[in-house]
Number of protein chains: 2
Amino acid sequence: MSSEEALKLENQTCFAVYACAKEITRLYQPVLKELGLTYTQYIAMLALWERDAVSVKELGERLFLDSGTLTPLLKKLEAQGLLTRGRDAGDERQLLIRLTADGRALREKALEVPEKVFCQSGVNVEMLMKIRSQMGELMTALQPVAAADKRGE
Amino acid sequence: MSSEEALKLENQTCFAVYACAKEITRLYQPVLKELGLTYTQYIAMLALWERDAVSVKELGERLFLDSGTLTPLLKKLEAQGLLTRGRDAGDERQLLIRLTADGRALREKALEVPEKVFCQSGVNVEMLMKIRSQMGELMTALQPVAAADKRGE
DNA sequence: TCAAATTAAATTGTATACAATATAATTTAA
DNA sequence: TTAAATTATATTGTATACAATTTAATTTGA
C-alpha cells in the first residue's frame with residue numbers, strides 16, 4: 001500500500017477496532033443499566049466474580065487498567081456496596097478488593113447479560129468467535145511491544 | 001456456551017476488542033507525539049485531509065463522535081493553528097471546519113505514521129487486513145442496532 | 001406568515017483512560 | 001542495620017466519550 005493510501009481513514013485498522021469497541025460498549029449500556037453498572041464496572045465485576053480478594057495491581061493487570069482508572073472506579077463500586085477495599089495485613093502497600101454478599105449476588109442477574117446483548121446485536125456466533133480469536137492473536141503480537149515500552153526501550 | 005461460561009472475562013469478545021483498541025492507541029502515541037497530536041486528534045485530521053470544509057455533524061458521522069467530544073477537540077486543533085472554525089454563511093447553525101496551510105502541511109509528516117507504527121507493532125500485513133475486514137463486518141452488523149437505538153426503538 | 005417542530009453546536013455532568021508525580025510500605029544492599 | 005531502591009496505591013492534570021440539556025438558526029405546516 002502506498003503511503004498515500006495508508007493515510008486514508010478507511011484503511012486504518014486502528015480506527016476500525018476503535019470504532020467497534022465504542023459501538024460494542026454502546027450495545028451493552030442499556031442492558032448494564034439494569035444492573036446499575038457501566039461497561040468498565042461490568043468487566044471489573046466479571047474479573048472479581050472469577051477471582052476475589054485480589055490487589056488493585058492484579059486486577060489492573062487482568063483488565064489492562066492502571067490505578068488512576070481503577071481507584072475511582074473501585075471507590076464507586078464500594079459506595080454501591082458491591083465490594084470492600086482494605087489494606088492487606090501482610091503487606092500494607094496492597095489494597096485487597098473483596099466482594100460483599102451483594103456483590104456476589106449481582107452475579108445472578110449478570111448471568112443474563114451476555115445472552116441479552118448477543119440477541120440485540122444481530123451478529124452470529126461464528127463471527128464473534130472468529131473476532132475474539134483474532135483479537136487474542138493481535139493482543140499477543142502487541143504485548144511484547146507494550147512490555148518493552150514499559151521498560152522504556 | 002452455558003451462561004456460566006459466557007460470563008468469564010476470557011470469553012468476552014467485547015473485552016478483547018476493547019483491550020485491543022486501547023493497546024493500539026498506546027502504540028500510536030509516541031509516533032503521534034512528534035506531530036503534536038493525540039490519537040483522536042489524528043483520526044480527525046485523517047478525515048479532514050480527505051475532505052475539508054465540512055460541518056461538525058458530517059465529521060462526527062465519519063468518526064462516530066458527537067459534538068460533546070468534537071467541540072473541545074476542534075478548539076484545541078484551532079488553538080494549534082491547524083484549522084479554523086467558522087459558521088456557514090448559508091446556514092448559520094453549521095460550523096465549517098477548514099484546514100489552514102499549517103494543517104495541510106502537517107499531512108506530509110503524517111505520511112510516515114502508518115509505516116512507523118506498523119514496523120513497531122510486530123504484526124503482519126495479512127493479520128491487519130483480516131482484522132480490518134472483520135471489524136468492518138461487525139460494524140455493518142451493529143450499525144442497524146445503533147440506528148434503531150437512536151430512533152428510540 | 002408565524003408559531004411549532006426540527007436541526008446543529010455548545011454546554012453540563014459523569015465516567016473513563018493514562019502519564020506523571022506523590023506517598024507510604026517493603027525490600028535490597030552496602 | 002539502615003539508607004537507597006523498589007513497589008503499590010493514590011492523586012493530579014489532560015484528554016476523551018457520551019447522555020442530556022440548552023441555545024440559536026432554519027424549516028414546516030396550519
I want to check one thing: is the phosphate of [N], taken as OP1 and OP2, less than 4.0 Å away from some side-chain N or O of [X]?
X     : N      : value
A:R26 : D:dA17 : no
B:T40 : D:dA17 : yes
A:Y18 : D:dT16 : no

*Between the main-chain N or O of B:V31 and the side-chain N or O of B:K116, is there a donor-acceptor pair closer than 3.5 Å?*
no
*Do A:W49 side-chain atoms and B:K8 backbone N/O form a donor-acceptor pair below 3.5 Å?*
no
Interatomic distance, [X] [atom1] vs [N] [atom2] [rounded to whole Å]:
X     : N      : atom1 : atom2 : result
B:L74 : D:dT16 : CG    : P     : 10 Å
B:L70 : D:dA15 : CG    : P     : 15 Å
A:L37 : C:dT14 : CG    : C1'   : 15 Å
B:Q94 : C:dA10 : CD    : P     : 12 Å
A:Y39 : C:dT16 : OH    : C1'   : 13 Å
B:Q80 : D:dA15 : CD    : P     : 9 Å
A:L95 : D:dT9  : CG    : P     : 6 Å
A:Q29 : D:dA20 : CD    : P     : 8 Å

Considering only NZ, NE, NH1 and NH2 on the basic side and carboxylate oxygens on the acidic side, decide whether [X] and [Y] come within less than 4.0 Å.
X      : Y      : result
A:E23  : A:R26  : yes
B:K130 : B:E126 : no
A:E112 : A:K109 : no

*Using purine N1 to pyrimidine N3 plus N6-O4 or O6-N4 for Watson-Crick, or N1-O2 and O6-N3 for G-U wobble, each under 3.5 Å, what pairs with D:dT12?*
C:dA19
*Choose from D:dC18, C:dT16, C:dT26 the nucleotide whose nearest atom is closest to any side-chain atom of A:K22.*
D:dC18
_Nearest to side-chain heavy atoms of B:K75, which nucleotide of D:dT9, C:dT16, C:dT11_ = C:dT11
Find every protein N or O atom lying less than 3.5 Å from an N or O atom of nucleotides 3-7 of chain D, and list the pairs.
residue	atom	partner	partner atom	Å
D:dT7	O4'	A:R93	NH1	3.4
D:dT7	O2	A:R93	NH1	3.3

*Could you walk me through whether A:F15 and A:L9 pass side-chain contact (heavy atoms from CB on, under 4.5 Å), step by step?*
CA-CA 7 Å; A:F15 179 63; A:L9 188 60; 3.8 Å; yes
*Contact nearer the 5' end of DNA chain D, comparing A:R87 with B:D88*: A:R87
*Select from A:K33 and B:Q41 the residue whose nearest nucleotide in DNA chain D is closer to the 5' end of that strand.*
B:Q41
_Residues forming a side-chain hydrogen bond (donor to acceptor under 3.5 Å, both in side chains) with B:R107, sequence neighbours excluded_ = A:E4
*For the atom pair CG (A:D91) and CG (A:L96), what is the distance rounded to the nearest 0.5 Å?*
9.0 Å
*A:P72 or B:S55, whichever maps to the more 5' nucleotide of DNA chain C*: B:S55
*Where is the tightest heavy-atom contact between A:P72 and A:S67, given as atom of each residue plus distance?*
CD-O, 4.0 Å
_I need the minimum non-hydrogen distance between A:M135 and B:A16, along with the two atoms involved._
CB-CB, 3.6 Å
*Give, ordered by number, those residues of residues 60-69 of chain A having at least one heavy-atom distance below 4.0 Å to an atom of DNA chain D; if nothing qualifies, reply none.*
A:S67, A:G68
